[in-house]
Protein chains: 2
Amino acid sequence: MDKSDALTAFAALSQPTRLDVFRLLITRGDAGMAAGEIARALEVRQNTLSANLSVLLTAGLVRNRREGRAIRYFANTDGVKGLLGFLLQDCCGGQPELCQPLIRDLTGSC
Amino acid sequence: MDKSDALTAFAALSQPTRLDVFRLLITRGDAGMAAGEIARALEVRQNTLSANLSVLLTAGLVRNRREGRAIRYFANTDGVKGLLGFLLQDCCGGQPELCQPLIRDLTGSC
DNA sequence: GATATAATTCAATAGTTCATGAAGTATGGA
DNA sequence: TCCATACTTCATGAACTATTGAATTATATC
């Protein structure tokens, strides 16, 4: 994960449909969701969603796998790890104890 | 932190100078850095930096405080917490154990 | 008050991103 | 082979974003 990857990932997440898609896939975990299902769930046209999924793919935030006619998409947790690690690198002025509350709050999401 | 706040924050981080500024401030912790110091460190013009700092402020990713003629900027860890909490809400298909590695890797940044 | 320093605001222009309709590709079944 | 389903790609115009020079505001010092 370098700066250019991080920029691509943040740009990917700064668009309403893509943020919705990513958050939807995050809640799905390993089950993932087919492109068409996502389009129906979020009420987005197929070609618009396809363009947005390809942005998320390029950004490394989602993965996909063909299943017959459908293509199933998954949140890519490795991509998220890399992104957040890059963003918070060397944080808190070298005083790790300042970071602990930040990290602890995140665990509340799960 | 709602969806619109999150979009604003991700958009703020998807621009090279702003990502540099935020990461620089993250490494500074409570020491922060004056606008002029940041401009010199990153070799950005004062008005360009000012515009970018105001985007980061609006996004809740940095705070500032006037100190005489200078204005000192700080990374806003509460803003980051809110953002990441929103992004990862209800993650991993309701199986918290899948999230633990993600969270554990993040702690490595500190 | 006058001047210098630190930073912000403004208006204009150049560049980027987005959703869309239309067309194309891949897979599965009749 | 033909058709339907699932999804992607492409070109275009409309909307948004970034940087810049010039002007402005705020604070400190002389």
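The structure displayed is predicted, hence computed values, not measured ones. The sequence lines fix the lettering, A, B, ..., with proteins before strands; numbering per chain opens at 1. Values reported hereafter were calculated over all heavy atoms of this structure, with side chains retained and with hydrogens, waters and symmetry mates removed.
- As judged by a 4.0 angstrom heavy-atom cut-off over every strand, Ala11(B) is placed among residues making no nucleic acid contact.
- Side chain of Arg18(A), nearest nucleotide from dT27(D), dC18(C), dT20(C): dC18(C).
- Rounding to whole angstrom units, CD of residue Glu67(A) and C1' of dC7(D) are separated by 14 Å.
- Nearest to the side chain of Ala70(B), among dT20(C), dA6(C), dT8(D), sits dA6(C).
- Between the CZ atom of Arg65(A) and the P atom of dC7(D) there is a distance of 14 Å, rounded to whole Å.
- Closest contact between the side chain of Ser50(A) and the listed nucleotides dT27(D), dA6(C), dT8(D) involves dT8(D).
- In this model, the phosphate group of dT5(C) is not approached by any side-chain N or O of Gln46(B) to a distance below 4.0 Å at OP1 or OP2.
- Rounded to an integer number of Å, the gap from CZ of Arg40(B) to C1' of dA7(C) is 12 Å.
- For dG21(C), one of the phosphate oxygens OP1 or OP2 lies less than 4.0 angstrom from a side-chain nitrogen or oxygen of Arg45(A).
- Atom CZ in Phe10(B) sits roughly 18 Å away from atom P in dT17(C) (whole-Å rounding).
- The CG atom of Leu49(B) sits 9 Å away from the P atom of dA7(C) (whole-angstrom rounding).
- For Ile71(B), counting side-chain heavy atoms from C-beta on, the closest listed nucleotide (dA19(C), dT19(D), dT8(C)) is dT8(C).
- Using a 4.0 Å heavy-atom distance criterion, Asn52(A) is classed as a sugar-phosphate-only contact.
- Take the nearest nucleotide of DNA chain C for Arg69(A) and for Val44(A): the residue whose nucleotide is more 5' is Val44(A).
- Residue Leu7(B) contributes atom CG, which lies 14 Å from atom C1' of dC18(C) at whole-angstrom precision.
- Seen from the ring of Phe74(B), Arg28(B) does not count as a face-on cation partner, given the 6.0 Å and 45° thresholds.
- Residue Leu56(B) holds its CG atom at 9.0 Å from CD of Gln15(B), rounded to the nearest 0.5 Å.
- For the pair Arg23(A) and Phe86(B), the cation-pi criterion (under 6.0 Å, within 45° of the ring axis) is fulfilled.
- Side-chain proximity of Thr48(A) to the nucleotides dT20(C), dA6(D), dT8(C) is greatest for dT20(C).
- When side chains are defined from C-beta on, Ile71(A) counts as touching Asn64(A), because their heavy atoms get closer than 4.5 Å.
- For Asn47(A), the listed nucleotide lying nearest its side chain is dG21(C); candidates were dA26(D), dG21(C), dC7(D).
- As a whole-Å value, the separation of Met33(B) CE from dA6(C) C1' is 15 Å.
- In this structure, CG on Leu83(A) lies 5.0 Å from CE on Met1(A), to the nearest 0.5 angstrom.
- Rounded to an integer number of Å, the gap from CZ of Arg66(A) to P of dA26(C) is 9 Å.
- Between dC7(D), dA7(C), dG21(C), one nucleotide has an atom nearer to the side chain of Tyr73(B) than all others, and that is dA7(C).
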